[in-house]
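First up is the structure itself, then whatever we jot down about it.
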Amino acid sequence: MSSSGTRTDLGRALCIITGASRGFGRVVARHMSELLKPGSALVLAARSGDELRAAAAEVTGAAAGGGGLLVLCVPVDLSHSDGVTELLAAVKTSYTDDMDHVLLVNNAGSLGDISRYMTSFTNMAEVDSYLSFNVSSSLCLTASVLEAFPRRPGLRRTVVNVTSLCALKPHCSWVLYCTGKAAREMMFRVLAEEEPDVRVLSYSPGPLDTDMFMLARSRTADPDLRKSLSDMFAQGQVLTCDESCTKMMKVLLEDQYVSGSHVDIYEV
Ligand SMILES: NC(=O)c1ccc[n+]([C@@H]2O[C@H](COP(=O)([O-])OP(=O)(O)OC[C@H]3O[C@@H](n4cnc5c(N)ncnc54)[C@H](OP(=O)(O)O)[C@@H]3O)[C@@H](O)[C@H]2O)c1
């Protein structure tokens, strides 16, 4: 803890990051590893085992104090309940009794089909499949982790939801994404009300130079939104994941946010 009351590390922690194979999640894994005390564990989940192993190699190089960090790659598809179950089993094996912090970052997400408008989504199976990955898996994983590591003296519990402006503001032709992000934010607000000891952060990382943003600016059906995303990119207004992640870590270390609230990068 610094003289201003800001923490300087995340403790001896069990950190779980979904969507850690690329984009923002991969950068979060690297930043977190630099803030973990020896004896910590980092569990990285996504579908691509090869990309996860590449992410783990970056992390192992970055870990504070070099050794003492267990990094576990868990290749799972979180759009199915089996994926959540498998991830939870790996998480449980990574925990040791001397850990003082459990930190879950719900980062994995997808845009869904943004090439169509709301009125074309008549197929319930398609909508269910989107919500299963983007909403249900995040709810069930968070619940399972909190159930597996219940409240006890000396254990901090933190849950991060990587959110978006789309949770608050409608975007034409992004009905699945906006719906999923709005639902997730409410889910985490309920959690914050129910479990006052759990620190719950919905962090909106801003426009990031990732595969998701590339898809957004090329596939969006709505011409005005597509143009504004392309202009943003052309004018250099898209952020690097490192810039955004540095801000997220600042918020987590200062620990002054209202639990359950939406914190936008531009407010940090
Ligand atoms: N990029 C932006 O401008 C932006 C803006 C605001 C908020 N966000 C949010 O930030 C988060 C990260 O976005 P990003 O831009 O880094 O996205 P991204 O580049 O598309 O990466 C998505 C991550 O999720 C994983 N993933 C996708 N489907 C999965 C599945 N079925 N099961 C398990 N993992 C899966 C991917 O790995 P695999 O493919 O290997 O599974 C990847 O690691 C998302 O929640 C997104 O909504 C992004």
Side-chain angles (χ1 to χ4, degrees), residues 16-31 43-56 58-59 73-88 90 104-112 114 128-138 140-142 159-169 171 174 176-185 187-188 201-220 225 228-230 232-233 237-245 247-248 262-266:
I16 307 126
I17 304 170
T18 65
S21 62
R22 54 191 161 90
F24 189 61
R26 182 154 166 171
V27 173
V28 171
R30 183 160 44 76
H31 281 232
V43 180
L44 308 179
R47 288 167 304 179
S48 163
D50 286 348
E51 289 303 318
L52 279 179
R53 282 184 283 279
E58 292 170 7
V59 157
C73 297
V74 190
V76 279
D77 184 344
L78 293 173
S79 58
H80 302 292
S81 61
D82 288 355
V84 175
T85 307
E86 223 178 292
L87 175 54
L88 185 72
L104 167 63
V105 183
N106 287 283
N107 165 77
S110 63
L111 277 173
I114 50 172
D128 285 349
S129 158
Y130 180 84
L131 295 176
S132 179
F133 168 44
N134 286 279
V135 180
S136 311
S137 77
S138 158
C140 295
L141 177 65
T142 303
V159 177
V160 177
N161 168 37
V162 180
T163 187
S164 158
L165 176 62
C166 294
L168 309 176
K169 185 175 178 293
H171 286 60
W174 287 18
L176 293 179
Y177 190 70
C178 292
T179 303
K181 288 298 188 195
R184 271 169 69 141
E185 270 204 35
M187 172 209 308
F188 287 106
L201 172 68
S202 277
Y203 176 72
S204 182
L208 303 174
D209 189 7
T210 64
D211 294 349
M212 183 177 281
F213 196 85
M214 199 264 290
L215 265 181
R217 67 190 166 85
S218 55
R219 301 262 176 89
T220 294
L225 179 55
S228 83
L229 296 168
S230 295
M232 240 190 235
F233 188 74
Q237 288 164 6
V238 175
L239 309 170
T240 65
C241 292
D242 269 302
E243 276 175 280
S244 183
C245 189
K247 294 276 176 87
M248 186 176 95
H262 175 113
V263 176
D264 191 281
I265 181 176
Y266 296 113

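Each ligand, and each atom within it, is numbered from 1 in the order the structure gives. As the structure is a computational prediction, the values presented were derived from the model and not from experiment.
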Side chain of Y130, backbone of S110: donor and acceptor closer than 3.5 Å? yes

Sidechain-backbone polar pair: T240 side chain, E243 backbone, donor-acceptor under 3.5 Å: yes

T210 and M214: CA distance, side-chain angles, deciding distance, side-chain contact (heavy atoms from CB on, under 4.5 Å) verdict: CA-CA 6 Å; T210 64; M214 199 264 290; over 6 Å; no

Side chain to side chain, V263 and S202, heavy atoms closer than 4.5 Å: no

Result for side-chain hydrogen bond (donor to acceptor under 3.5 Å, both in side chains) between N106 and one of N134, T142, T18 points to T142

Could you tell me, atom by atom, which parts of ligand 1 come under 4.0 Å of a heavy atom of T210? 1 (N), 14 (P), 15 (O), 16 (O), 19 (O)

Is there a side-chain contact between S204 and H262, using heavy atoms and a 4.5 Å cut-off? yes

Using non-hydrogen atoms of the residue, decide whether R26 is closer than 4.0 angstrom to ligand 1. no

For ligand 1, which atoms sit closer than 4.0 Å to a heavy atom of V162? 9 (C), 10 (O), 11 (C), 45 (O)

Name the closest protein heavy atom to atom 12 (C) of ligand 1, giving the residue it belongs to and the distance to 0.1 Å. N107 OD1, 3.2 Å

Answer yes or no: is there a donor N or O on one side and an acceptor on the other, between the side chain of S137 and the main chain of S79, under 3.5 Å? no

Donor-acceptor contact below 3.5 Å, side chain R26 vs main chain S21: yes

Looking only at protein heavy atoms, which one is nearest to atom 25 (C) of ligand 1, and how far off is it? G19 CA, 3.7 Å

For F188 and S138, what are the C-alpha separation, side-chain angles and deciding distance, and is it a side-chain contact (heavy atoms from CB on, under 4.5 Å)? CA-CA 10 Å; F188 287 106; S138 158; 3.6 Å; yes

Return yes if some donor-acceptor pair links the side-chain N/O of S228 with the main-chain N/O of L225 below 3.5 Å, else return no. yes

Nearest to atom 20 (O) of ligand 1, what protein heavy atom do you find, and at what distance? R22 NH1, 3.3 Å

Could you tell me whether ligand 1 has any atom less than 4.0 Å away from a heavy atom of S137? no

Output the list of atoms in ligand 1 that are nearer than 4.0 Å to some heavy atom of D77, sorted by atom number. 30 (C), 31 (N), 32 (N)

Contact atoms of ligand 1, heavy-atom distance to G23 under 4.0 Å: 16 (O), 19 (O)

Closer than 4.0 Å to some heavy atom of S48 - which atoms of ligand 1 meet that? 40 (O)

Tell me the protein heavy atom at minimum distance from atom 32 (N) of ligand 1, and give that distance in Å. L78 N, 2.8 Å

Tell me which protein heavy atom sits closest to atom 17 (O) of ligand 1, plus the residue, atom name and distance to 0.1 Å. M212 CB, 3.6 Å

4.0 Å heavy-atom contact, T163 with ligand 1: yes

By number and element, which atoms of ligand 1 are closer than 4.0 Å to a non-hydrogen atom of D211? 19 (O)

Any heavy atom of F24 under 4.0 Å from ligand 1? The part involved is both

Protein contact of atom 2 (C) of ligand 1 - nearest heavy atom, named by residue and atom, plus distance: L208 N, 3.6 Å

Closest heavy-atom approach to atom 22 (C) of ligand 1 among G180, A108, G109, P207 is made by G109

May I ask you to decide if the ring planes of H171 and W174 are parallel, tilted or perpendicular, using 30° and 60° as cut-offs? parallel

Identify, for atom 33 (C) of ligand 1, the protein heavy atom at the shortest distance, and state residue, atom and that distance. V76 O, 3.5 Å

Should the proximity of P205 to ligand 1, defined as any heavy atom under 4.0 Å, be assigned to the side chain, the backbone, both, or neither? side chain

For F213, the ligand 1 atoms with a heavy-atom partner under 4.0 Å come out as 3 (O)

With respect to atom 5 (C) of ligand 1, which of S244, G206, S79, S164 exhibits the smallest heavy-atom separation? G206

Considering non-hydrogen atoms of the protein only, which is the closest contact for atom 43 (O) of ligand 1, and what is the distance? S21 OG, 2.8 Å

Would you say K181's side chain and L176's backbone share a donor-acceptor pair under 3.5 angstrom? no

Quick one, L201 and V159 - any side-chain contact, counting heavy atoms below 4.5 Å? no

